[in-house]
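Here is the structure we will look at.
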2 protein chains.
Amino acid sequence: MVRSNVGGGRATLHDVAAAAGVSVTTVSNYLSGYPYMRQSTKDRVRKAIDELGYVANTAARTLKTGRTGLLTLSVSDLRQSYFAELAERIIAAARYRNYGVMIESTGLNRDREIGSIDSVRRRMTDGLITSPACMGAGDAAAFEGDYPLVMLGVQPFTAPCHHILVDNVQAAHDATAHLIKADCSRIALIGGAEGGEESSRTTRMRGYCEALREAGIPVRHELIREVRDWNALGGARAVTALFDDGIRPDGILACNDHLAFGVMRQLKDLGLAIPGDVRVVGFDNIDEARFAIPSLTTVDQSADTVAIKAVDSVIGQIEAGTRAPASVEHVPHSIVYRASSPEA
Amino acid sequence: MVRSNVGGGRATLHDVAAAAGVSVTTVSNYLSGYPYMRQSTKDRVRKAIDELGYVANTAARTLKTGRTGLLTLSVSDLRQSYFAELAERIIAAARYRNYGVMIESTGLNRDREIGSIDSVRRRMTDGLITSPACMGAGDAAAFEGDYPLVMLGVQPFTAPCHHILVDNVQAAHDATAHLIKADCSRIALIGGAEGGEESSRTTRMRGYCEALREAGIPVRHELIREVRDWNALGGARAVTALFDDGIRPDGILACNDHLAFGVMRQLKDLGLAIPGDVRVVGFDNIDEARFAIPSLTTVDQSADTVAIKAVDSVIGQIEAGTRAPASVEHVPHSIVYRASSPEA
DNA sequence: CTGTTAGCGCGTTCAG
DNA sequence: CTGAACGCGCTAACAG
């Protein structure tokens, strides 16, 4: 019978020791699985622990050991399905390793992205996994330090840490090549950007251009549409703009799945068939992509692999007591073929 | 010039005190905004802090004060947009109050739902906001205790704490009444359940039945379809099953927006017009609902209000040092009219 | 206005 | 195999 005296939660190691008629060391040893102990002692301790509903105080342990058992995950917006799915997997991977995850949502705010290192600086958390979206080329220094850190996603700076991401240039290249192979010649890119700092926008743009060039198709800038907010509305508007400009693409590569959903919606409203008149490919392979109308062909970013690698890396650093050397690790990507653009 | 000695993070209050030539109390006072201090002392302390790159150690403070500045949010699956949006808002509300949020994802596992109280039992976290989905009528005792707790969503038990939720019966009633007012007479309910423990499924079902009865429309059980997983696939399948059984609804109330997306997809594939042939109403008002094809009429659950109330409540309890008395608080709901079923 | 001091609860020596 | 004692870094009395 456990007495959950959670709130008033008195019982301390001393109480247990007193109740069991042993010393605190003995209880501590018992708790950490120290083997050389009389069975009768073990039983007494176990009984005392149960009766008192003893639960170790994390703060005291942390103060002593320097470990909180917590990780910080910093993303820009959990409402973006990609991040929600990534978070879900990171929580699962961390849980498996007996770590908890504190989530910081920075809402596309550079200062808050930088500020997310605070939780580890204050030792509230043992390490940081971050995916900044608004930091500039000069911001690398913000991450200088020796605390455990893993960086996720394309960045305009060279992070002084382990950096995990898919090869966005190659991924966009592959997706574009797929459309070309399916006989598309007027391929639009929704969400790409021609200039600005290195980001998903620019790298996916580069892959797109590369693939076109390799196929001998000239890059037409009217086909490239920047979109600020990568959501369905942005995708729909981009299609409208495209058609308003008299452009009739036969293939569309959207920089994420939400954009692709909006693209498909607008194409349908214009009376176009997918993939008959226009093929559509997205990016991220979020859960909803399977259920879209039609189901969406998309680039899988192996969020699961990223999650596991990120958690392994940061915990490895925690256990090693020092940051991993700077390095870039590309995780594999793949195209998931569905109805919006079947494999050619 | 800040030396970010995060990892090796030595500098302690004593170091700062020594460097500034004052005592630890003075530094501590300075840090907590104690007003009665000579400006020159303040300056010396500030300077020492900057030079040493001092950052307070949370664990030590926690050990002393008993507060971690962390909340636990426990949900079943962050990939469900409703929870992602709720989490985002709870993080924002907590952040505003200078609290961090640790997220527990329990994946429809009862034991893990119960286990989510562990983080507060171990005092790793100051309070818990939880939205269990798999606990039974007999599980109320699991939440006995005096720690700060807020329960969210319909539950089969009377939670011994502050419990925040929308009135699901009334909400489903309103949604159904809206369809009736729009001249629907064969209204299907997707995701409702006729039996089983009290849950969103059964309460929404009750509201649906009530509204029909009030309008003098008999409840036809073939129109009610249980769906295990409330995602688009489930919604699409339910529609298929409905039509396979020879049933032709003219209005469909889906128990969440994802179901509604699948419903709409399947209706379209069957060549039916929305809202012309069939009107569709969802539940939750997730962000994507605005962008669906057609845009989705849905019941808004005021996730934002829930988030703010939940955070306020749990922090209130933390500050009061005791759990709030058991109480049920209904937050307002509203129907957001969009293209899938415009206001009659 | 500032300094001294005693714990918070746990892990970890070091004796016995 | 077990017990006593110290200290992690900070806050809060309490003195001065």
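In the text below, chain A, chain B and the rest are named by the order of the sequence lines, each starting its count at 1.
- Looking at which nucleotide of DNA chain C each of B:T65 and B:V22 is closest to, the 5′-most match is held by B:V22.
- Regarding A:M124, its CE atom lies at a distance of 17 Å from the P atom of D:dG9, rounded to whole Å.
- Remark: P of D:dC8 and CZ of B:R61 are 18 Å apart, rounded to the nearest angstrom.
- Separating the CZ atom of B:R38 from the P atom of C:dC1 is a distance of 7 Å, rounded to the nearest angstrom.
- Contact annotation: B:S28 side-chain N/O to D:dT11 OP1/OP2 distance is under 4.0 Å.
- Taking atom CG of A:L63 as the reference point, atom P of D:dC10 lies 9 Å away to the nearest angstrom.
- The shortest distance between the side-chain N/O atoms of B:Y30 and the OP1/OP2 oxygens of D:dT11 is not below 4.0 Å.
- Within the structure, a side-chain polar atom (N or O) of A:T26 is placed less than 4.0 Å from OP1 or OP2 of D:dG3.
- Between the CG atom of B:N29 and the P atom of D:dT11 there is a distance of 10 Å, given to the nearest Å.
- The distance from atom CG of A:L52 to atom P of C:dG9 is 14 Å, rounded to the nearest whole Å.
- Atom NZ of A:K64 and atom P of D:dC10 are 15 Å apart (whole Å).
- Phosphate contact (OP1/OP2 of C:dC10, side-chain N/O of A:T12, threshold under 4.0 Å): present.
- A:M102 pairs with exactly one of A:S74, A:S116, A:S119 by the side chain to side chain contact (heavy atoms under 4.5 Å, CB included) rule, that one being A:S119.
- To the nearest 0.5 Å, the span separating OH on B:Y54 from CZ on A:R121 amounts to 12.0 Å.
- Rounded to whole angstrom, the span from the CG atom of A:L13 across to the P atom of D:dT2 amounts to 15 Å.
- When each of C:dC10, D:dA13, D:dA4 is scored by its nearest atom to the side-chain atoms of B:T25, the top-ranked nucleotide is D:dA13.
- The closest side-chain donor-acceptor pair between B:Q39 and B:D43 falls under 3.5 angstrom.
- A salt bridge links A:D304 and A:R89; the closest N-O separation between the charged side-chain nitrogens and carboxylate oxygens is under 4.0 Å.
- Inspection of the A:E104 and A:T72 side chains reveals no N or O donor paired with an N or O acceptor under 3.5 Å.
- Using a 4.0 Å heavy-atom distance criterion, B:T41 is classed as a sugar-phosphate-only contact.
- No engagement by B:A59 is indicated, since no non-hydrogen atom pair under 4.0 Å with the nucleic acid exists.
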